[in-house]
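Residue numbers start at 1 and run along the sequence shown. Bear in mind that the values here come from a model prediction, so they are computed numbers and not experimental data.
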Amino acid sequence: MRPLFPLFALALALPLLSTGAGALPQNAPTLRPQIAARYTHDRAAFTEGLEYQGGGVLAESTGLLGESGVRRVELKSGKVLSQAVTPIANAFGEGVTVLDSVMYHLTWQTGVAFAFDAATLREVGRYRYRGEGWGLTNDGRSLIMSDGSSTLFWRDPRTFGVTRTVRVTDGGQPIKNLNELEYVGGSVYANVWLTPRIARIDAKTGRVTAWIDVQNLMQEASDSAGAAGKPLTFDDVPNGIAYVPERGTLLLTGKRWPTLFEVKVPGVKPGLPGGTQGRGSRRVH
């Protein structure tokens, strides 16, 4: 999601984010991630989408007008290996996912999704859709998209048409502001915008089965940024979830965070079906 507020210091933002998290339903259990490793993250990256591609390489998308795009990033160093700008200059870039060697990239309010060759980042297709684009992942067959509401949309990667929707709830209450997404083993993990919490969602029912509290990660990122003389702002919220199947971990970061955290979370194990699976090349239109 995009910036909508003045750029206050994160010292002010953290209590506000905590309050927002407290307003969410508390029926599902809360999990706290255990940090396994820390990596450098580009402070200029207003992260909108994150996905692990294997071989120590990440796909990442960024937002902000004039700064939006997709990139391939080396995990250990944070080095940008290659990148491409969002093809429409006045579009605000949003989520990203790779399926069958195609990298799909949303835009916020432009109503256009782009398809790139995942290896070369050459544009190979465009799709039109209604409403806003926020987060994007895939289950190995379909694209899964959020639009800032409490609904997740399954889309055909060949046409971008909606094939299924699921309303996300906890204790019967809708969970809005679903943002960056990651599919892992039958669950969709979703950052909830303006909160330090990630919802673990049953992909079949939409029920939240657990909350992941990333408050400590956010505080550490804020402290590191402040110590470097470039404090985080109110807009620099948690955003970015990627599953590492060979280690059974999640990669978590935020907008303009200096750190990307590799964490262990109960229920996330090696070798689970993840969103980067594919079945060969796919033609896009």
Side-chain angles (χ1 to χ4, degrees), residues 1-10 12-14 16-17 20 39-52 58-75 78-97 103-110 112-114 116 121 132-137 145-148 177-182 190-196 198 214 217-218 220-222 224-226 228-242 251-261:
M1 183 53 182
R2 64 297 312 131
L4 294 179
F5 298 90
L7 300 184
F8 299 113
L10 200 67
L12 173 62
L14 284 171
L16 295 175
L17 289 172
Y39 306 99
T40 299
H41 182 249
D42 181 5
R43 280 303 313 271
F46 198 76
T47 303
E48 296 291 357
L50 192 71
E51 195 169 87
Y52 183 67
L58 292 165
E60 184 175 21
S61 60
T62 59
L64 298 177
L65 297 180
E67 301 178 30
S68 297
V70 295
R71 54 178 64 179
R72 297 174 66 254
V73 180
E74 186 177 66
L75 172 61
K79 178 183 177 182
V80 177
L81 301 175
S82 58
Q83 58 186 323
V85 299
T86 302
I88 297 177
N90 62 349
F92 193 115
E94 289 286 346
V96 71
T97 194
M103 182 181 291
Y104 297 88
H105 175 46
L106 296 175
T107 55
W108 174 28
Q109 293 180 320
T110 309
V112 178
F114 301 98
F116 300 90
L121 301 187
E132 297 186 353
W134 286 40
L136 195 63
T137 187
M145 173 180 159
S146 64
D147 67 351
N177 289 336
L178 300 174
N179 203 1
E180 216 279 297
L181 307 175
E182 180 76 352
N191 284 112
V192 180
W193 186 49
L194 292 181
T195 80
I198 294 170
V214 298
L217 305 186
M218 184 169 64
E220 181 178 324
S222 176
S224 296
K230 295 182 179 179
L232 299 184
T233 72
F234 187 82
D235 292 315
D236 299 334
V237 296
N239 210 44
I241 312 167
L251 301 171
L252 305 179
T253 193
K255 301 172 187 291
R256 294 184 291 221
W257 282 20
T259 309
L260 186 151
F261 299 91

Handout entry: Under the side-chain hydrogen bond (donor to acceptor under 3.5 Å, both in side chains) test, residues paired with E74 that sit two or more places apart
Key = S77

Practice task
Indicate the ring-plane relationship of W257 and F261, choosing parallel, tilted or perpendicular according to the 30° and 60° boundaries.
Solution key: perpendicular

Practice task
Compare all side-chain heavy atoms of T62 with those of E67 and state whether any distance is below 4.5 angstrom.
Solution key: no

Exercise for the section: State, yes or no, whether a side-chain contact exists between V214 and N191 at a heavy-atom distance under 4.5 Å. Expected result: no

Handout entry: Residue list, side-chain contact (heavy atoms from CB on, under 4.5 Å) with T40, at least two apart or on another chain
Key = none

Exercise for the section: Please examine the side chains of L260 and V73, heavy atoms only from C-beta on, and report whether any two atoms are closer than 4.5 Å. Expected result: no

Problem - Side chain to side chain, L194 and N177, heavy atoms closer than 4.5 Å - result: no

Practice task
Hey, could you give me the CD/CG distance between Q109 and N90, rounded to the nearest 0.5 Å?
Solution key: 11.0 Å

Problem - Contacts of type side-chain contact (heavy atoms from CB on, under 4.5 Å), residue A113, not counting sequence neighbours - result: L106, Y127, Y129, F160

Problem - Min side-chain heavy-atom separation L136-E94 under 4.5 Å - result: no

Fill in the blank from the handout: A91 meets the side-chain contact (heavy atoms from CB on, under 4.5 Å) criterion, sequence neighbours left out, with T86, I88, T107, T110

Problem - Atom pair CD/OH of E182 and Y52 - distance to nearest 0.5 Å - result: 12.0 Å

Problem - Contacts of type side-chain contact (heavy atoms from CB on, under 4.5 Å), residue Q83, not counting sequence neighbours - result: R71, V80

Problem - Gap between atom CH2 of W108 and atom CH2 of W134 - 0.5 Å precision - result: 8.5 Å

Problem - With E51, the side chain to side chain contact (heavy atoms under 4.5 Å, CB included) member among L181, T137, L58, I241 - result: T137

Problem - R256 side, atom CZ; T233 side, atom OG1 - distance, nearest 0.5 Å - result: 4.5 Å

Handout entry: Separation of T253 OG1 from L50 CG (nearest 0.5 Å)
Key = 7.5 Å

Handout entry: Side-chain heavy atoms of V96 within contact of E48, under 4.5 Å
Key = no

Completion exercise
Between the OG1 atom in T259 and the CZ atom in R43, the distance rounded to the nearest 0.5 Å is 9.0 Å

